[in-house]
Amino acid sequence: MPELPDVEGFRGVVAEYGTGRRITAVRVADPGVLRGVGAGELTETLTGRSFGEPERRGKWLLVPLSGPLLLLHFGMTGSMVWDTGETPPHRHDRVTFVLTNGELRYRDMRKLRGIWLAADQDAADRLLADLGPDALTVGRREFDGVTRARRQIKATLMDQSALAGLGNLLVDEICWRARIHPRRQGDRLTEAERGELYRAMRRVLRDAIPTGRVPGRRSWLTGHRDGPHPTCPRCGTALAHGRAAGRTTVWCPRCQPDPDSG
DNA sequence: CGGCGTGTTCAGAA
DNA sequence: CTTCTGAACACGCC
């Protein structure tokens, strides 16, 4: 699930149920998700501290604990779940933060990423030093600079060090809305096309954040990419699929003309 | 058994 | 140096 809108939703869960609450215990069901910190150190550091106001940077969630910070990344299958403490642990609840009013659970099936512990704000900033500007707040001028790179536009938009927060589904959706083939070279986009891309990104993010994920609406490309014979919701043409930037990619061959044969 | 996947990183090729 | 591809990580589903 997790792209920017999903992580924004997890931030909301932590803000609503965690902020201001004291951690009474930490349960590490699977230390395999802990990165650079052991279960003992994590438990000792966190127990007794209170959750501060969580912050999202790209696909990362930062939770300050009056001194140290928790850094969480959700990979492809992670989530943050609130529970009153009455529901038995889910098989994929890898770490549970027990608070005074219930539990926040880091749930993740594939364990592709995990949880980091930073000693202070500087250490957290160093861990995230390579992150590019956040896709939700980047300005047009900075977006222009980033997307003028020579490589395929999909590769740039997915590159977290260029622009932070977009993933495979969002990038396909944005390119489709902007009518730009995902394999187009960034430095060959016209200024009008770059503007379409920027506007599509803003609109897609604005629409996706309240849902907490990329909505599979029938009017969106994302609502059609999994069907047996998917067609473009705009023109009805059969959608094309292939690979770009190493990922499964879906586009409309009519709305988004191929850069090589067009 | 084989293939696939809303993420990231690394090795190796061009 | 830049850009791209494929494999790897781990797990469940088809």
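All values below come from the heavy atoms of this structure, side chains included, with hydrogens, waters and symmetry mates left out. Proteins get letters first, then strands, A, B, ... in listed order; numbering begins at 1 in each. These figures come from a predicted structure and were not determined experimentally.
- No option in Phe74(A), Tyr106(A), Trp60(A) other than Phe74(A) meets the ring-ring contact (aromatic ring centres under 6.0 Å, His included) test with Phe10(A).
- Nucleic acid contact class of Thr248(A) (heavy atoms, under 4.0 Å, all strands): sugar-phosphate only.
- Of all non-hydrogen atoms in Leu117(A) and Pro68(A), the two that sit nearest each other are CD1-CB, 4.3 Å.
- Of the N and O atoms on the side chains of Thr96(A) and Glu103(A), not one donor lies less than 3.5 Å from an acceptor on the other residue.
- Distance alone, capped at 3.5 Å, is enough to place a donor-acceptor pair between the Arg94(A) side chain and the Asp108(A) backbone.
- Side-chain contact annotation: Thr147(A) with Arg194(A), donor-acceptor N/O pair under 3.5 Å present.
- Atoms CZ (Arg35(A)) and P (dG7(B)) sit 16 Å apart, rounded to a whole Å.
- Remark: DNA chain B takes part in the stems B:2-5 with C:11-14, B:7-14 with C:2-9, each of 3 or more antiparallel Watson-Crick or G-U pairs, criterion distances under 3.5 Å.
- Residue Arg247(A) places no side-chain N or O under 4.0 Å from the OP1 or OP2 atom of dG5(B).
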Cys232(A) vs Arg254(A), test: side-chain contact (heavy atoms from CB on, under 4.5 Å). Steps then yes/no.
CA-CA 9 Å; Cys232(A) 173; Arg254(A) 181 170 168 191; over 6 Å; no
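- Closest heavy-atom contact between His90(A) and Arg105(A): N-NH1, 4.1 Å.
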Show me the protein contacts with nucleotides 3-8 of chain C, counting only N or O atoms at under 3.5 Å.
| unit_1 | atom_1 | unit_2 | atom_2 | d |
| --- | --- | --- | --- | --- |
| dC4(C) | OP1 | Gln152(A) | N | 3.1 |

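- Residues from residues 103-113 of chain A with heavy atoms under 4.0 angstrom of DNA chain C, sorted by number: Met109(A), Arg110(A), Lys111(A), Leu112(A).
- Note on Gln160(A): every side-chain N or O is 4.0 Å or more away from OP1 and OP2 of dG7(B).
- In this structure, Ile153(A) and His181(A) approach most closely via the heavy-atom pair CG2-O, 3.7 Å.
- Checked against the 6.0 Å centroid criterion, the rings of Phe51(A) and Tyr17(A) do not qualify as a close aromatic pair.
- Of all heavy-atom pairs between Ala192(A) and Arg199(A), the closest is O-NH2, 4.4 Å.
- Dashed line: the shortest gap from a side-chain N or O of His92(A) to OP1 or OP2 of dG12(C) is under 4.0 Å.
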